[in-house]
Peer 1: 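First, the structure itself, so that you have it in front of you.
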Amino acid sequence: MEKVIVIDFGGQYNQLVARRVRECNVYCEIYSYKTDLNQIKSMNPKGIILTGGPNSCYEADSPACTKELFELGIPVLGLCYGAQLMMFVLGGRVERALVQEFGKTELNVNTSSPLFENVSPTTICWMSHTDYISEAAPGFSVTAHTADCPVAAAEDLSRRLFALQFHPEVLHTEEGTKMLYNFVRGVCGCVGTWRMDSFVDTSIQEIRKKVGGGKVLCALSGGVDSSVAAVMLAKAVGSQLTCVFVDHGLLRKDEGDEVEEVFGPNGLYDLNFIRVNAQERFYDRLSGVTEPERKRKIIGEEFIRVFEEEAKKIGAVDFLVQGTIYPDVVESGLGGESAVIKSHHNVGGLPDCVDFKEIIEPLRDLFKDEVRQAGLELGISEKLVYRQPFPGPGLGIRIIGEVTAEKVRIVQDADAVYREEIAKAGLDKSIGQYFAALTNMRSVGVMGDERTYDYAVALRAVNTVDFMTAESAEIPFAVLQTVMSRIINEVRGVNRVFYDLTSKPPGTIEFE
Ligand code: XMP
C-alpha cells in the first residue's frame, strides 16, 4: 500500500499532519525522529514529512536528522522546525528571528511551484516560530515570503525537497490542505488508494486468516471503539468470538440494554454475548469512597476483576481484542515501536490473568473519525457510531462524592432529560460533549408549599477540538430553562439546576 511517513520532532500538530494526509486518501503513519534510516527505507514510503517542534535546530541536543535522509530519492517536505532542520542540515542558515511571527499571516507565493499549484498568489498561513530561515540551503529557490519572513517556503525541484516555515496542516492556513494535497498526490505521485471500505474489507480478511479456527475474547464497553472492534471481529469470525459486557451500573440511562439489543442474542450479530450485571458489586466497593482518584481506581480494578472472572469461566482463548486506536498508539510512545499496549484509561490496564496468546487491535491504525467511518461501513447505526465520548469510569466521576444507587438514578434521569432536550433543539450535532452531573450539594427549596432539601444538578456542555482545551458551549437560555424545569419536575431528589460556564483549563471536562 502506498504510504507517506510523518517524522515527528515533537510538534503539537503531528497527528493533524497525518490526518490531513489521510484526507487526501493517502495512508500515513507517524514515527519518531529517532527511527533508524534503514527502517524508514524498508517501509518504502512515497514521501516523508518532517513536523514542527519546539527546539532550535542549531542547538547541540536538539532533535535532528542526517543528510542521508534527503538523499534517499524520496520527496521530503519539512514543516516549521522540519523546514528549518532541512535547511540547516543541507547548508542553509537558521537564526533567532528579531520579529517573531505568531498567528495568521499574509503569505506571498510563487504559484509556479508544484506545491502551490492552484493556490492564490496571496494567501493566509499560520505561523508559529521564534527562529527563521535567513538563508536557504544551496540548490534551493525561495518560493514564498511574508513581511517578516524572507524564506517562508523553499524548494529544490531536482531533489524533490520542500520546506514550509508555516503550518499547512492547521485550518488557519487557508489553502494548506491544497498544499499538502499537491505534495502527496502531485510531487510524491500517490494515487490515493486509502479508503475506509477497502480498509474494512482487508481487515476482515486479515483477521480471518490470523484467527483461523481460534477462539477470540473481547471486552465490550458499549463505546464506539470497542463496538466497532467487536463488529469487525464478529463479521470476520462470527461465533468464534465471545464478547463480555460488564455493566458496572455507571452507564447512561438504558445504555446497558441498548448494548444488549445490538450485541445480545436477539441482536444483529452471530457471536457469544455475555452481559455481567455487576452493578451491586461496584456500588458496594464504592460505598463510603469520596476521593476522585480512589473512585477511578476502584472502578478500573473492579472492572478487570469481573472481566477476569468471566474469562476464567470461558477458559483459554487464543486472542484478546483491544479497541486501541491510533492516537493511543502515538501517545503511548510513538508508532513504529512494536506493540505498545496502552494501559487503557478506560479500564485501568490489561487483565493479567486472562489466558490468551495474542492481542488483536483492529483499529490500531485509525483516527477517531476514521473509526466512526469504519463503523458506518460495517453497518453500525449512526446513533451508536456518533455516541458522545463517555469516560471509562462512567457516571462514577459525574457524581461528586460518594456513589450510591440512588445518586446514579438521579444523574441518569437528569442526563436523559438534558440529552433529549438538546436533541430536540437541534444542538446535538453541534456541541462537542454535554452531560449532566450530580453535585454533592444539597440546598433548601420549596415545592408545592413544602420545604425541600435536595440535590443540585450541574449541566455541562463544551466545544472542543482535541479535548485538551474546551470552551463552555452557548445554549439558548430558553433551552436551559426547559431542561431545568423538566429535571426539577421529573427527577425526584433534585431542586436546583446549575449551568457550568467553566472552560478547560482551568476546569476539566468531567467533574472528577
Ligand atoms: P477531562 O475531564 O480530562 O476529559 O477534561 C477529557 C475527555 O476525556 C474523557 N475522559 C475519559 N475517557 N476514560 C476515558 O475513556 C477516563 O477515565 C476519562 N476521563 C475523562 C472525557 O469524557 C472528555 O471527553
Side-chain angles (χ1 to χ4, degrees), residues 12 15 218-230 245-252 255 259 282 285-286 289 291-304 307 321-332 341-350 361 363-364 366-369 371-372 384-400 403 411-412 415 418-419 422 428-439 458-473 500-512:
Q12 49 179 329
Q15 291 195 28
C218 174
L220 195 58
S221 72
V224 181
D225 302 344
S226 73
S227 299
V228 173
F245 166 52
V246 177
D247 187 340
H248 52 23
L250 301 165
L251 296 167
R252 283 168 286 208
E255 205 163 64
V259 172
F282 279 84
R285 290 268 343 256
L286 289 167
V289 183
E291 207 276 312
E293 274 311 299
R294 183 92 200 96
K295 282 161 68 178
R296 277 176 174 271
K297 269 235 163 71
I298 289 174
I299 297 167
E301 281 166 12
E302 196 62 16
F303 189 96
I304 297 287
F307 183 70
V321 183
Q322 281 264 108
T324 320
I325 69 173
Y326 197 52
D328 302 335
V329 176
V330 175
E331 275 154 26
S332 56
I341 296 144
K342 190 184 182 201
S343 53
H344 220 266
H345 64 176
N346 262 350
V347 288
L350 267 181
E361 297 175 303
L363 312 177
R364 203 184 149 79
L366 302 187
F367 285 100
K368 190 79 181 187
D369 51 337
V371 172
R372 294 207 159 101
L384 208 166
V385 163
Y386 288 103
R387 200 162 248 182
Q388 291 253 316
F390 189 63
L395 300 178
I397 57 170
R398 292 181 181 171
I399 293 170
I400 299 173
V403 174
V411 77
Q412 277 180 338
D415 184 66
Y418 187 31
R419 278 190 287 143
I422 289 285
D428 51 334
K429 296 248 156 55
S430 58
I431 302 176
Q433 189 174 2
Y434 54 93
F435 56 86
L438 187 61
T439 74
L459 304 177
R460 183 100 168 112
V462 294
N463 286 320
T464 172
V465 179
D466 51 11
F467 296 92
M468 306 293 281
T469 61
E471 301 279 336
S472 92
D500 183 357
L501 281 173
T502 322
S503 55
K504 172 182 179 177
T508 53
I509 295 176
E510 301 291 346
F511 280 65
E512 288 193 338

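Nothing fancy with the numbering, it's 1 onward along the sequence. Read the numbers this way: they start at 1 and go in the same order the structure lists the ligands and their atoms.
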Peer 1: Below 4.0 Å, non-hydrogen atoms only: which portion of Pro393 touches ligand 1? Side chain, backbone, both or neither.
Peer 2: side chain
Peer 1: Take a 6.0 Å sphere around CD of Glu255 and say whether it holds more than 12 heavy atoms from other residues, nucleotides or ligands.
Peer 2: yes
Peer 1: Output the list of atoms in ligand 1 that are nearer than 4.0 Å to some heavy atom of Gly392, sorted by atom number.
Peer 2: 13 (N), 14 (C), 15 (O), 16 (C)
Peer 1: Can you see which heavy atom on Ala436 is nearest to which on Tyr418, and at what distance?
Peer 2: N-CD2, 3.8 Å
Peer 1: Relative to atom 18 (C) of ligand 1, which among Gly507, Pro389, Pro391 owns the nearest non-hydrogen atom?
Peer 2: Pro391
Peer 1: Going by the rule ring pair (Phe, Tyr, Trp, His ring centres under 6.0 Å), which residues pair with Phe435 if we only count those two or more places apart in sequence or in a different chain?
Peer 2: none
Peer 1: Tell me whether Asp225 is salt-bridged to Lys368, with the criterion being a basic N under 4.0 Å from an acidic carboxylate O.
Peer 2: yes
Peer 1: Return a yes/no value for Ile509: is any of its N or O atoms, backbone included, closer than 3.5 angstrom to an N or O of ligand 1?
Peer 2: yes
Peer 1: Can you list the residues that meet the side chain to side chain contact (heavy atoms under 4.5 Å, CB included) rule with Thr502, with sequence neighbours excluded?
Peer 2: Arg460, Asp500, Pro506
Peer 1: Just distances here: any N/O of Arg398 and N/O of ligand 1 closer than 3.5 Å?
Peer 2: no
Peer 1: Between atom CD of Glu471 and atom CG of Asn463, what is the distance when rounded to the nearest 0.5 Å?
Peer 2: 8.5 Å
Peer 1: Considering the heavy atoms of Thr508, write down every atom of ligand 1 situated less than 4.0 Å from one of them.
Peer 2: 1 (P), 2 (O), 5 (O)
Peer 1: Numbering the atoms of ligand 1 from 1, which are under 4.0 Å from a heavy atom of Lys504?
Peer 2: 1 (P), 3 (O), 5 (O), 6 (C)
